[in-house]
Number of protein chains: 2
Amino acid sequence: MNEDDDLGALCAGAGRALAEAERPVLEAHGLSMWQYVVLSALAPGAAPSQLVLAQQIHYDKTRLIALLDGLEAAGLVSRGPDPADRRARIVRLTSAGTHRHAAARAGIRAVEDQRLAGLGAEERRVLRSALAQLANSG
Amino acid sequence: MNEDDDLGALCAGAGRALAEAERPVLEAHGLSMWQYVVLSALAPGAAPSQLVLAQQIHYDKTRLIALLDGLEAAGLVSRGPDPADRRARIVRLTSAGTHRHAAARAGIRAVEDQRLAGLGAEERRVLRSALAQLANSG
DNA sequence: TATTGTTATACTCTATAACTATA
DNA sequence: TATAGTTATAGAGTATAACAATA
């Protein structure tokens, strides 16, 4: 009951189940799924322009504007000028944003760990590695 | 660059990359993604009601109607009465639907195989098994 | 002339409510 | 009274086009 399913269907099912389980966690931290995605993209310390950010997270640049408006109003993100290109605006995480993301991420990781119960370290490594290969083979 | 990503983000990325790669294959067989999902659900020989089918594939029962209308008009699916409940309609694959699905699936599998290049049989088994566990742990 | 951010518009997809026929 | 299928409507999500400022 496993060899029959397409890989795409399995990824979709796993992604949907994870999203459903994680939504309440994000809500408890006052974040939507896409808001969390933005914070995650900025968390490593990145400071991309809005256009680059939109491409990184596969989100429409026109929709990103309202998303950033909300995050900026909540004090989680800041938009500043790009000294090298005055058309562009650089997006950064505020310290409040950094803390909010870290807290939400801890909750997300707890859910994931629970869902991976029974899998050993090597199996988890294979899973992450294979998914990363699939995501980057396009 | 792997331990940092959330599992949900990895699943979403892999699912999106697969969907993008598979869409042209499905188009070549005259199928949309959701049409293929319906055919796949019926392929094992199942004969569910429309409501059960909608729940199985996580699709809205009201949207399923137009989807089945199209598949029925194309001769890939048949809707018949349920002898046990005259309110319900039983959905089945026609022989044309069976063949169309088999042909499309072969193309899908070829794409997946190409994307999994470099992974051994055991790694692929771990991947499928872990994804199935994640999808069914809700 | 091309590009970034922005706004406005149109379009598609999805969810909700109401109807019919059966149970 | 409740449920399967259907239809119609409303809502959210997404894509397209046009604009101002800058390159």
Side-chain angles (χ1 to χ4, degrees), chain A residues 8-9 12-13 15-17 19-20 22-24 26-27 31-38 41-42 46-73 76-93, chain B residues 8-9 12-13 15-17 19-20 22-24 26-27 31-38 41-42 46-73 76-93:
Chain A
R16 173 175 46 226
E20 280 176 15
E22 292 168 359
R23 190 168 299 116
L26 292 177
E27 265 176 27
L31 294 173
S32 72
M33 192 70 69
W34 279 114
Q35 286 179 322
Y36 178 72
V37 169
V38 167
L42 300 174
S49 70
Q50 297 188 185
L51 184 61
V52 169
L53 176 59
Q55 291 166 344
Q56 277 180 354
I57 67 177
H58 294 88
Y59 201 66
D60 202 83
K61 70 166 184 173
T62 65
R63 287 183 288 146
L64 180 62
I65 294 163
L67 196 59
L68 291 177
D69 287 346
L71 288 171
E72 198 175 23
L76 303 177
V77 148
S78 74
R79 281 191 271 202
D82 180 349
D85 185 342
R86 284 192 295 178
R87 292 172 303 178
R89 304 180 70 180
I90 298 298
V91 187
R92 283 187 184 83
L93 228 50
Chain B
R16 173 176 44 228
E20 278 175 16
E22 292 169 358
R23 189 169 300 116
L26 291 176
E27 264 176 28
L31 294 173
S32 73
M33 191 71 70
W34 279 114
Q35 286 179 323
Y36 178 72
V37 169
V38 167
L42 299 174
S49 71
Q50 297 189 185
L51 184 61
V52 169
L53 176 59
Q55 291 166 344
Q56 278 181 353
I57 66 176
H58 294 88
Y59 202 66
D60 202 82
K61 68 167 186 174
T62 65
R63 287 183 289 145
L64 180 62
I65 293 162
L67 197 59
L68 291 178
D69 287 347
L71 287 171
E72 198 175 23
L76 303 177
V77 149
S78 73
R79 281 191 271 203
D82 180 348
D85 185 342
R86 284 191 296 178
R87 292 173 305 179
R89 305 180 71 180
I90 298 299
V91 187
R92 283 188 186 83
L93 228 51

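The analysis underlying the following values was restricted to heavy atoms, covering all of them including side chains, and did not include hydrogens, waters or symmetry mates. Letters A, B, ... mirror the listed sequences (proteins, then strands); counts begin at 1. Being a predicted model, the structure only gives us computed values, none of them experimental.
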Which atom pair, heavy atoms only, marks the closest approach of [X] to [Y]?
{"X": "B:Ala46", "Y": "B:Ala41", "value": "CB-O, 3.9 Å"}
{"X": "B:Gln50", "Y": "B:Leu64", "value": "O-CD2, 3.2 Å"}
{"X": "A:Gln35", "Y": "A:Leu31", "value": "OE1-CA, 3.5 Å"}
{"X": "A:Trp34", "Y": "A:Ile57", "value": "CZ3-O, 3.5 Å"}
{"X": "A:Ile90", "Y": "A:Ala47", "value": "CG2-O, 3.4 Å"}

Please give, in whole Å, the distance from [N] [atom2] to [X] [atom1]?
{"X": "A:Leu64", "N": "D:dG13", "atom1": "CG", "atom2": "P", "result": "15 Å"}
{"X": "B:Gln50", "N": "D:dT3", "atom1": "CD", "atom2": "P", "result": "18 Å"}
{"X": "B:Leu67", "N": "C:dT14", "atom1": "CG", "atom2": "C1'", "result": "14 Å"}
{"X": "A:Lys61", "N": "D:dA18", "atom1": "NZ", "atom2": "C1'", "result": "11 Å"}
{"X": "B:Asp69", "N": "D:dA8", "atom1": "CG", "atom2": "C1'", "result": "15 Å"}
{"X": "A:Met33", "N": "D:dT14", "atom1": "CE", "atom2": "P", "result": "12 Å"}
{"X": "A:Arg89", "N": "C:dT3", "atom1": "CZ", "atom2": "C1'", "result": "16 Å"}
{"X": "B:Leu53", "N": "D:dA4", "atom1": "CG", "atom2": "P", "result": "14 Å"}

Any A:Arg86 side-chain N or O less than 4.0 Å from OP1/OP2 of D:dA23: yes
Which residue lies more 5' along DNA chain D, comparing A:Asp60 with B:Leu51 via nearest heavy atoms: B:Leu51
For [X], answer base if it contacts any base atom (sugar-phosphate contacts may also be present), sugar-phosphate if it contacts only those atoms, and nothing otherwise; contact means non-hydrogen atoms under 4.0 Å.
{"X": "B:Asp82", "value": "nothing"}
{"X": "A:Thr62", "value": "base"}
{"X": "A:Ile65", "value": "base"}

Options C:dA2, D:dT6, D:dT14, nucleotide nearest the side-chain atoms of A:Arg63: D:dT14
Nearest listed nucleotide, side chain of B:Arg87, among C:dT3, C:dA23, D:dT14: C:dA23
